[in-house]
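First the structure, in the form of structure tokens, and then the observations on it.
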Amino acid sequence: MRELGGERLILRLVEVEAYLGPEDRASHTWGGRRTARVASMWLGGGHAYVYFVYGLHYCLNVVCGEPGEGTAVLLRAGEAVAGAARMAALRGLAHAPRPGELAGGPARLCAALAVDRRLDGASLLAGELHLAAGEPVADDEVARGPRVGVAYAGKAARWPLRFALAGHRETSRPRLGG
DNA sequence: GACTCGATCGGCT
DNA sequence: GCCGATCGAGTCT
């Protein structure tokens, strides 16, 4: 849930990826890296970790576990529950978004919720950006597969740590089968 | 101090 | 399906 100027923008998360900390080569905390950029990923669970990538995109993670674990979940896609028009405007879309276009992809999700570095390290338990428990999802509704864009990570690149609602239309590309 | 490349997206072919 | 954009963190010298 994103609160922006009194308006509520609500996304239901439909796709995420897990990053397991120092032993996960695809993780920014691989090998115990403690640099300024990843500092917030070492915070305790419930904090946001926002980073800038490719010179023009932001990605939003939810930090997990105890302080010092360095584990997080990347939010890859969501479907609009409320505030879709505002989110489309934030995305700069002049037309009604097609399925998957509004927040289907980590950088799109950040753009739709106006997330940038100012929210890096912020608490997600309260405040203008926060997580709320949603409907429970049965195990057989969840498709899983290898993560995206981490081919450099060797063996860890093949770990099935990407999770999405099976057959959901808002998930990011490349679409997870199932 | 300089160089390399990335947890991406959108436009063009 | 392929490729360029764009910049800062990380790494090496």
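Every chain is numbered from 1, with letters handed out A, B, ... down the list of sequences.
An OP1 or OP2 oxygen of C/dA9 is reached within less than 4.0 angstrom by no side-chain nitrogen or oxygen of A/Thr35. Remark: A/Tyr152 is in phosphate contact with B/dA7, judged by side-chain N or O atoms under 4.0 Å from OP1 or OP2. Close to C/dT11, at under 4.0 Å from its OP1 or OP2, lies no side-chain N or O of A/Arg37. Residue A/Arg117 has no polar side-chain atom (N or O) positioned under 4.0 Å from OP1 or OP2 of C/dG8. For A/Arg108, a side-chain nitrogen or oxygen approaches OP1 or OP2 of B/dG10 to under 4.0 Å.
For A/His57 and A/Phe52, the gap between ring centers reaches or exceeds 6.0 Å.
Of the P atoms belonging to B/dA7 and C/dG1, the separation is 23 Å, rounded to the nearest Å.
Taking a pair to require two hydrogen-bonding distances under 3.5 Å in either a Watson-Crick or a G-U wobble arrangement, B/dA7 remains unpaired.
Nearest-nucleotide mapping onto DNA chain C: of A/Arg33 and A/Leu56, the residue sitting toward the 5' end is A/Leu56.
Among the nucleotides C/dG8, C/dG10, B/dC9, the one closest to any side-chain atom of A/Phe52 is C/dG8.
Taking A/Glu15 as the reference, A/Arg76, A/Arg162, A/Ser172 meet the side-chain hydrogen bond (donor to acceptor under 3.5 Å, both in side chains) condition, with sequence neighbours excluded.
A/Leu109 places its CG atom 13 Å from the C1' atom of B/dT8, with the value rounded to the nearest Å. In this structure, A/His28 places its NE2 atom 16 Å from P of C/dG8, rounding to the nearest Å. In this structure, NE2 of A/His57 is placed 15 Å from P of C/dG4, rounded to the nearest angstrom. Between the CG atom of A/Leu74 and the C1' atom of B/dT8 there is a distance of 11 Å, given to the nearest Å. Here C/dA9 presents its C1' atom at 15 Å from CE of A/Met41, a figure rounded to the nearest Å.
Side-chain atoms of A/Trp42 come within 3.5 Å of backbone N or O of A/Arg33 as a donor-acceptor pair.
Note on A/Arg91: only backbone sugar-phosphate atoms sit closer than 4.0 angstrom, heavy atoms only; bases stay farther off. In this structure, A/Ala107 reaches the sugar-phosphate backbone alone: every heavy-atom distance under 4.0 Å involves primed, P, OP1 or OP2 atoms, never a base.
Evaluation of A/Tyr19 against the base of B/dA7 yields a stacking contact (centre distance < 5.5 Å, interplanar angle < 30°).
Comment: A/Lys155 does not engage A/Asp24 in a salt bridge, judged by the lack of any side-chain N to carboxylate O separation of less than 4.0 angstrom. A salt bridge is absent between A/Glu17 and A/Arg147: the closest approach of a Lys/Arg side-chain nitrogen to an acidic carboxylate oxygen does not fall below 4.0 angstrom.
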